[in-house]
Protein chains: 2
Amino acid sequence: MRYPAAETAEKHIRILEAAGSAYREKGFSGVSVSEIMKATGLTHGPFYNHFNSKEALIAEALQHISDGTVNLTDGFEASEQGKADFVRAYLSEEHCNGSGNGCLMASLGPEIAREPTYKPTFTRHVTGIISRMVERFPWSSKARARKEALRTLAAMVGAIVLARAVDDDELANEILDGVAEGLAKSDRP
Amino acid sequence: MRYPAAETAEKHIRILEAAGSAYREKGFSGVSVSEIMKATGLTHGPFYNHFNSKEALIAEALQHISDGTVNLTDGFEASEQGKADFVRAYLSEEHCNGSGNGCLMASLGPEIAREPTYKPTFTRHVTGIISRMVERFPWSSKARARKEALRTLAAMVGAIVLARAVDDDELANEILDGVAEGLAKSDRP
DNA sequence: TGTACATCAGTGAACGCGCGTTCACTGATGTAC
DNA sequence: TGTACATCAGTGAACGCGCGTTCACTGATGTAC
């Protein structure tokens, strides 16, 4: 049957958000179209009223994730303390244990690396994050800011990737805390 | 038909190596059992003479990859220069572009994080790498060695994950070089 | 050393299953008059 | 404002496909005598 026009746009977003969470939690091939539609409260049929293919959904979902997370630095003070808080929040147990609404790069980086289609969105996401880090937080000099920011980002992403894949909570926390501690101080004191 | 006994063990290893490369390049779900057997020069049938399931193959292949890569530090001098060379080799364009015989953590970390079965092997791999880095390379003090080593490892893994998923060679090299340069100097000078 | 036979890694057709995708159909909404 | 009809997001059965897995069969190897 026909549905109110307003609902359609809202459902489109609900699909994107269910997809974004599921993909970050289970990977692209770990989630079926039906599963996503079910999470949205629909059957799988109308999926193709919203998207041309699963690939198109992934592309749009990645952009949606990026839009929602690229400016996470904004919630933190523009100070050394703010930078430390940002790093700590990223390297928290909550973020480590809950990938569903967490970092795109740490959850899907390697899978995106294998799919040229998704790389442009990812690239814009990375450059977006880096430039926001550069602008918001203090760095040892303007000339070094970008280099220090991307070093910080690489360490953050690597720490989450390692901590999540490790079976040993103590080791996971050692990695998270060790890296956070190293980054909370300025990059090169 | 029956085959010489020596060939069987050798084929088992050939399967493991084909699988190890394919999984690092394409991910667990990006490679079929048939594809791996074809790469070994066989049909898919005898797969179950060697392994109980695809899952069992993955588990064994991960261990095989770890065995072959956990001691990569051994090829480098036990000096500041050796550490810099190790980091540079890891963050080289060759490693970035060729995941097939590269780092397990950067290629499969997030996928392993989703599969509890594979985490113990991964955990041993990580602890193995860290302790070899600690033992071989100079660190600012014995007490800080382990913390500095895992910070170095996290930055290395994160840099490769980001550089590989990015569409822009210039940005990829900026990440690889920027992180390598940061790690080549001692961790906290 | 020669012969007869059991072994078992190989072949390739076949299986069920879940996936992405398609489609005939439904019926409340929105629109034309 | 009321009625008649076109619209189109929904339903759910059905499709082909590739996957992991199974199995009856093959035939050179290794072994017993």
Side-chain angles (χ1 to χ4, degrees), chain A residues 1-62 108 111-112 114-118, chain B residues 1-62 108 111-112 114-118:
Chain A
M1 67 182 186
R2 193 166 176 175
Y3 281 69
E7 280 183 29
T8 301
E10 187 230 330
K11 274 169 192 165
H12 190 88
I13 292 177
R14 289 224 316 268
I15 296 172
L16 284 181
E17 303 206 317
S21 286
Y23 288 143
R24 276 177 284 180
E25 269 170 28
K26 307 179 185 176
F28 295 141
S29 54
V31 191
S32 68
V33 166
S34 305
E35 203 174 331
I36 291 165
M37 294 303 281
K38 200 171 285 173
T40 316
L42 299 170
T43 54
H44 63 278
F47 175 78
Y48 293 90
N49 295 336
H50 289 278
F51 304 95
N52 286 326
S53 63
K54 181 180 180 180
E55 200 179 299
L57 165 65
I58 294 177
E60 217 171 301
L62 289 180
L108 294 169
E111 281 167 82
I112 289 168
R114 295 174 196 125
E115 270 300 332
T117 316
Y118 310 138
Chain B
M1 68 180 185
R2 192 165 176 175
Y3 282 69
E7 281 182 27
T8 301
E10 187 230 332
K11 274 168 191 164
H12 190 89
I13 292 176
R14 290 224 316 270
I15 296 172
L16 283 181
E17 303 206 317
S21 286
Y23 288 142
R24 276 177 285 180
E25 269 170 28
K26 306 180 186 177
F28 296 141
S29 53
V31 192
S32 68
V33 165
S34 306
E35 202 175 331
I36 292 166
M37 294 304 280
K38 200 171 285 173
T40 316
L42 299 170
T43 54
H44 62 278
F47 175 78
Y48 293 89
N49 295 335
H50 288 278
F51 304 94
N52 286 326
S53 63
K54 181 180 180 178
E55 199 180 299
L57 165 65
I58 294 177
E60 216 170 302
L62 289 180
L108 295 168
E111 282 167 80
I112 290 168
R114 295 175 196 124
E115 270 300 333
T117 318
Y118 311 138

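Chain identifiers are assigned alphabetically (A, B, ...) following the order of the sequence lines, protein sequences preceding nucleic acid strands; residue numbering begins at 1 within each chain.
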Is the shortest side-chain N/O distance from Thr43(B) to OP1 or OP2 of dT11(C) below 4.0 Å?
yes
Donor-acceptor pair, distance only, cut-off 3.5 Å: does the side chain of Lys54(B) make one with the backbone of Phe28(B)?
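Yes, Lys54(B) side chain to Phe28(B) backbone: donor-acceptor pair under 3.5 Å.
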Between Arg114(B) (side chain) and Glu25(A) (backbone), is there a donor-acceptor pair under 3.5 Å?
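Indeed, once roles are kept as given, a pair shorter than 3.5 Å links the two residues.
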Side chains of Glu60(B) and His12(B): do they bring a donor and an acceptor to under 3.5 Å?
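The criterion, which ignores hydrogens and geometry beyond distance, is satisfied for His12(B) and Glu60(B).
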Closest to side chain of [X], choosing from [options]:
X: Lys11(B); options: dA9(D), dG12(C), dG10(C); value: dG10(C)
X: Leu42(A); options: dT21(D), dG10(D), dG12(C); value: dG10(D)
X: Ser32(A); options: dG10(D), dA13(C), dG20(C); value: dG20(C)
X: Tyr48(B); options: dT22(C), dT21(D), dT11(D); value: dT21(D)

Checking base pairs now: Watson-Crick or wobble, both atom distances under 3.5 Å. What partners dG2(C)?
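With both distances under 3.5 Å, dG2(C) matches dC33(D).
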Base-pairing mate for dG20(D) - Watson-Crick or G-U, with both contacts under 3.5 Å:
dC15(C)
If you find the nucleotide of DNA chain C closest to Phe47(A) and the one closest to Tyr3(B), which residue's nucleotide is nearer the 5' end?
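The 5'-side residue here is Tyr3(B).
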On DNA chain C, more 5' by nearest nucleotide between Glu35(A) and Thr8(B) is Thr8(B)
Whole angstrom value for the distance that separates [atom2] of [N] from [atom1] of [X]:
X: His44(B); N: dC23(D); atom1: NE2; atom2: C1'; answer: 11 Å
X: Glu7(A); N: dC8(D); atom1: CD; atom2: P; answer: 16 Å
X: His12(A); N: dA9(D); atom1: NE2; atom2: P; answer: 12 Å

Could you tell me if the side chain of Thr43(B) sits less than 4.5 Å from the side chain of Met37(B), heavy atoms only?
no
